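In what follows, a single structure is set out as structure tokens and then discussed.
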Amino acid sequence: MLESIPFRFRPRELAAIAGAPGLQADPSIAVEIKADLPPNGFQIRWQGAEAHIRAADAAAEQYARGLIEELSQGPLREGLEIPALEVADWPNFIHRGYMLDISRDRVPTTDRLRQLIDELATLRYNELQLYTEHTFAYKGHEVVWGRSGALTGEEIRALDDYAADRNIELVPNQNSFGHMERWLKHPEYRHLAECPDGFIHPGDGKRRTVGSVLLPCQESLDFVDRLYRELLPNFRSKRFHIGGDEAWELGLGRSALEPDFPGRAAIYARFLRQLIELCERHDHSPLVWADELLKDGDVPGDFPASATPVIWGYEPGHPWEEQIARVQKAGCKSVYLAPGTSCWNSFSGRYQFAWQNLRECAEAGSRNRCQGILVTTWGDHGHHFPWVLQYPGMTLGAWAGWNHGLMDELPLDKTIDSVFGLADGAGELLIDSAAVEYKHLKWIHNESRIHNMFRSADAAERRRWAGDHPIETWQALRADIEALRERAAVCADAVVGRDVGLMQDFNLLGVERAFAVLEGRSETHLRSRFFELLGRHEESWMRESRPGGLPESIDFLLGDVASMTPVATFPSLVFSRSHHIQGYEVGARRTAKFSTLLNQFQDIAESHAAELGVSLDALKEKGMLWVLSRYHIRMHSLPTVGDTISIQSWPSAWERLFAIRDFRVCAPSGEEIGVASSAWLVVEADSFRPVRGKDLLPQFRLHPERALVAEWKKISLPDHFDHQRDFQVMHHDLDVNGHVNNAVYAVWALESAPDSCWQNHRPMEMEIQFLAMAFAGETVRAETSVQQSGSTYTLHHRLLKQSDNTELIRARSHWQGLANG
């Protein structure tokens, strides 16, 4: 009977209580905190409608209550009769962490990170690390993180509170030695690089154009010190992962010029000790990656015993036992092991390798009394896998950290459905999806062959990967992928079905590319499918992640896109740019002016048009111009001075002669704070006569999402205007086409509003229709009519050229009271 009870974590000790009444759902609970139990361990005595918990600590009480709730909401609600129970359970590892890479392009929204914390709490993790290279918003370093969607200190503090309430320690993580290329590529930081002009990578022999390792010197140490001073106060945790892995070019550059150069290993050990001492001066206990320490034999005998080495290995057969012995021999009091979920460098993961890697790691760590396990999910080369792909590895990692025997005993698919609230069968589909590639293809280290079919720009390399298997193997793999796509289409869980469908569509396209290589055929017939998948990847990304890293993620898929299209590079469908609001871009209340936003929109539109091959210069060569015809902008809130906003833009439609371009404005958290849509005409340069741009311009793919659906109906005017103001057109008001810039028209329209509007209100929405052009020396009259409804104003505007009363624009603006704005 006891064996049939479904558990997410089957207890180590489970016994029926003879003669006692069977379990009733939602019992009354009494709790004792008992220090004699193992850390995070608990005992439950549950009979009838009463349950008594003995818990080692608050986390243990949470896990015990979770078990009671699990049985109450599941089998007991469904009518399963369960006898009275005595339960005892405890974990193998004191620290059970999950580390998510937020530096290789994908930074989740804060809502998604909170959801992750909830999921980790259910899975009995007690630690979360967000692997960081450049995605914390350090003040004064906006050039590094400004386009990344970086987390602010305020966001970290809120996440830290949220995690602490769920007994999860948010441990700060900042790589502080290697993997600093996101910093060192900028001129402001090149002087801190070991190899400022790049280096030959010792792993693949290919040249990197920028350095990735800090020069081990006092100036670098001072730089890191300033980062620590800003980062660490945002966390409760007194532990800190300072990184230190893969110092690829150390000893190949400026450090080798040191008098009496002691060798690479000694240089590394010396600077790492300095980083550890710095961390401890900030009152934190350091964790450090162990790969460099283990590279050349035993760990140095003077390695600080206070530091915790983190041994990482992501493949079956990793030498855990031997490496644990070497760090313990050096006197390390605490040891972490870091296996992986094997999601990265793939579209759908490598489940078989994750299972074996996690199992072997947990067994070795348990035997050797290691203190922590840190289950890692990396984002190498574009982070293309959807969020749900982590669920199998995340669940296996939870079992590995608590009791690795559960990996054999419990049904993973049903546990995934239960933990993540999925429809029946979704977990099984995720597992099968993550296993499909390596049911057929040969193992390669830490990556997917299919993913490489996109990423590699080396045609010979792609032919070699495809040619490693006979065509029959690829055919069998294709059949399995198509079967998964069919299952995804009818999956009862819409989110899992959608995302698995996307994964397998990428996999299928990769297989079709392999067929083309093997058969010596062109891949141009795959072009439209490729572009369609890029659009779906962007849509998937934007549902749960910030836009900052999206362009780079797409770039990784373009390794050999020339084989499918004559265009050597394919621009991102959604163009993203961060902008730091400067003091001269705000008004008296320190919020951004409408002109600031319009100028940013125009600049981004021009930049993206250049990527798409339809820039102003490109059109001028064809005797044509872009002319802005309509704008509709709606702000939910206005950014203030010092804010760093992200603006996304994309072409969304052709409507008659109009090219529609949309915009979205996001706060650093990823929260949408404004939207806009614009309509553009292509005109002949000499006559300004509109032409059919859709037929005459190079084709570019449209992104179907609409940020704001505008009707573009002609704005009706009131019977009379209450206010007016005249403006002289200055040369400063002109744009590159020699007429008044669109943002200036908006400024004049709003400036004609009465002081009563400006005193207690601010414009939050504006529609503008551009009808004619004004030039230097002319006089423009701005006319405005005001309608008030409660605490809001609606203003109608018209601009007239004084010389002949030509109507230049019509506009309508909506103003909110400051209390509501």
Side-chain angles (χ1 to χ4, degrees), residues 95 97 99-103 127-136 138 141 144-145 151 153 156 160 169-184 189 192-194 212-248 250 265 267-295 299-300 302-312 327 330 332-338 371-372 374 376 378:
H95 301 289
M99 197 205 75
L100 179 66
D101 183 355
I102 63 165
S103 290
E127 178 180 322
L128 171 62
Q129 296 187 27
L130 301 174
Y131 171 79
T132 304
E133 294 172 358
H134 69 301
T135 47
F136 178 79
Y138 291 104
H141 300 289
V144 175
W145 55 262
L151 293 170
I156 289 291
D160 191 68
E169 181 180 3
L170 187 62
V171 175
N173 183 310
Q174 171 63 64
N175 218 330
S176 311
F177 198 172
H179 287 289
M180 295 293 286
E181 58 270 19
R182 308 279 193 153
W183 295 79
L184 301 177
Y189 307 94
L192 297 175
E194 165 79 355
S212 68
V213 174
L214 288 175
L215 176 68
C217 65
Q218 186 60 47
E219 189 174 7
S220 292
L221 203 63
D222 293 342
F223 163 71
V224 173
D225 185 21
R226 291 191 292 273
L227 300 187
Y228 289 3
R229 287 181 187 279
E230 185 174 351
L231 175 70
L232 295 178
N234 297 293
F235 297 81
R236 284 178 173 80
S237 176
K238 289 301 182 180
R239 295 183 300 135
F240 177 28
H241 199 322
I242 64 174
D245 63 321
E246 296 181 333
W248 298 116
L250 185 64
I267 288 285
Y268 176 86
R270 183 179 68 194
F271 192 65
L272 183 65
R273 284 194 296 272
Q274 291 174 321
L275 289 172
I276 289 170
E277 291 167 2
L278 176 62
C279 176
E280 291 174 337
R281 286 202 297 274
H282 284 278
D283 194 29
H284 280 68
S285 300
L287 290 83
V288 300
W289 294 119
D291 56 303
E292 290 286 353
L293 297 169
L294 294 164
K295 182 174 287 185
V299 176
D302 58 350
F303 180 76
S306 58
T308 297
V310 183
I311 303 171
W312 59 262
V327 297
C332 297
K333 299 176 182 177
S334 175
V335 178
Y336 263 50
L337 306 181
Q371 283 69 40
L374 184 64
T376 58
W378 295 99

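The structure presented is a predicted model; accordingly, all values stated were derived computationally and were not measured.
Of the possible polar contacts, none joining the Ser220 side chain to the Leu214 backbone as a donor-acceptor pair under 3.5 Å is found. With hydrogens and angles disregarded, a donor-acceptor distance shorter than 3.5 Å links the side chain of Ser176 to the backbone of Gln174. Counting only distance, with no hydrogens or angles, the side chain of Arg239 and the backbone of Thr308 share no donor-acceptor pair below 3.5 Å. At least one donor-acceptor pair closer than 3.5 Å links the side chain of Trp145 to the backbone N or O of Tyr138. His282 places no side-chain N or O within 3.5 Å of a backbone atom of Pro233 that could act as its donor or acceptor partner.
The two residues Pro309 and Phe303 come nearest to each other via the heavy atoms CD-CE2, 4.4 Å. Nearest heavy atoms, Ala247 versus Glu292: N-OE2, 2.8 Å. Of all non-hydrogen atoms in Asn173 and Leu130, the two that sit nearest each other are CB-O, 3.5 Å. Across all their heavy atoms, Ser334 and Gln371 have their closest contact at CA-OE1, 3.1 Å. Between Arg182 and Glu133, the closest heavy-atom pair is CG-OE1, 4.0 Å. In terms of heavy-atom proximity, Tyr268 sits nearest to Gly244 at OH-O, 2.5 Å.
Atom CG in Leu278 sits 4.5 Å away from atom CG in Asp225 (nearest 0.5 Å). One finds the CG atom of Leu221 at 11.0 Å from the CG atom of Leu192 (value rounded to the nearest 0.5 Å). Taking CG of Asp101 as the start and CE of Met99 as the end, the distance is 6.0 Å to the nearest 0.5 Å. Rounding to the nearest 0.5 angstrom, the gap separating the OG1 atom in Thr132 from the CG atom in Leu100 is 9.5 Å.
Between Tyr228 and Ile242 there is a side-chain heavy-atom pair separated by less than 4.5 Å. Using a 4.5 Å heavy-atom threshold, the side chains of Phe177 and Pro216 count as touching. Residues His241 and Tyr336 fail the side-chain proximity criterion, which asks for heavy atoms closer than 4.5 Å. Using a 4.5 Å heavy-atom threshold, the side chains of Ile156 and Phe136 count as touching. Phe271 places none of its side-chain heavy atoms less than 4.5 Å from the side chain of Leu250. Using a 4.5 Å heavy-atom cutoff, the side chains of Glu194 and Leu184 are not in contact. Two residues are said to be in side-chain contact when any heavy atoms from C-beta on lie closer than 4.5 Å; Leu272 and Leu293 meet this criterion. At least one side-chain heavy atom of Gln129 sits less than 4.5 Å from a side-chain heavy atom of Leu287.
Looking at residues two or more places apart in sequence or on another chain, you find no salt bridge (charged side-chain N to carboxylate O under 4.0 Å, His left out) involving Arg226. Applying the ring pair (Phe, Tyr, Trp, His ring centres under 6.0 Å) rule to His141 yields the partners Trp183, Tyr189; only residues at least two apart in sequence or on another chain are considered.
Every pair passing salt bridge (Lys or Arg N to Asp or Glu O under 4.0 Å) that includes a residue from residues 274-286 is listed here, sequence neighbours excluded: Lys238-Asp283.
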- Task: Could you walk me through whether Asp245 and Asn175 pass side-chain contact (heavy atoms from CB on, under 4.5 Å), step by step?
- Result: CA-CA 8 Å; Asp245 63 321; Asn175 218 330; 3.0 Å; yes
Exercise. Assess whether side-chain contact (heavy atoms from CB on, under 4.5 Å) is satisfied between Ile311 and Val335, documenting all intermediate values.
Key: CA-CA 8 Å; Ile311 303 171; Val335 178; 4.1 Å; yes
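Using cut-offs of 30° and 60° for the angle between ring planes, the His179 and Tyr131 rings count as perpendicular.
Ion pair Asp291/Lys295 not flagged as a salt bridge, since none of the NZ, NE, NH1 or NH2 atoms sits closer than 4.0 Å to an Asp/Glu carboxylate oxygen.
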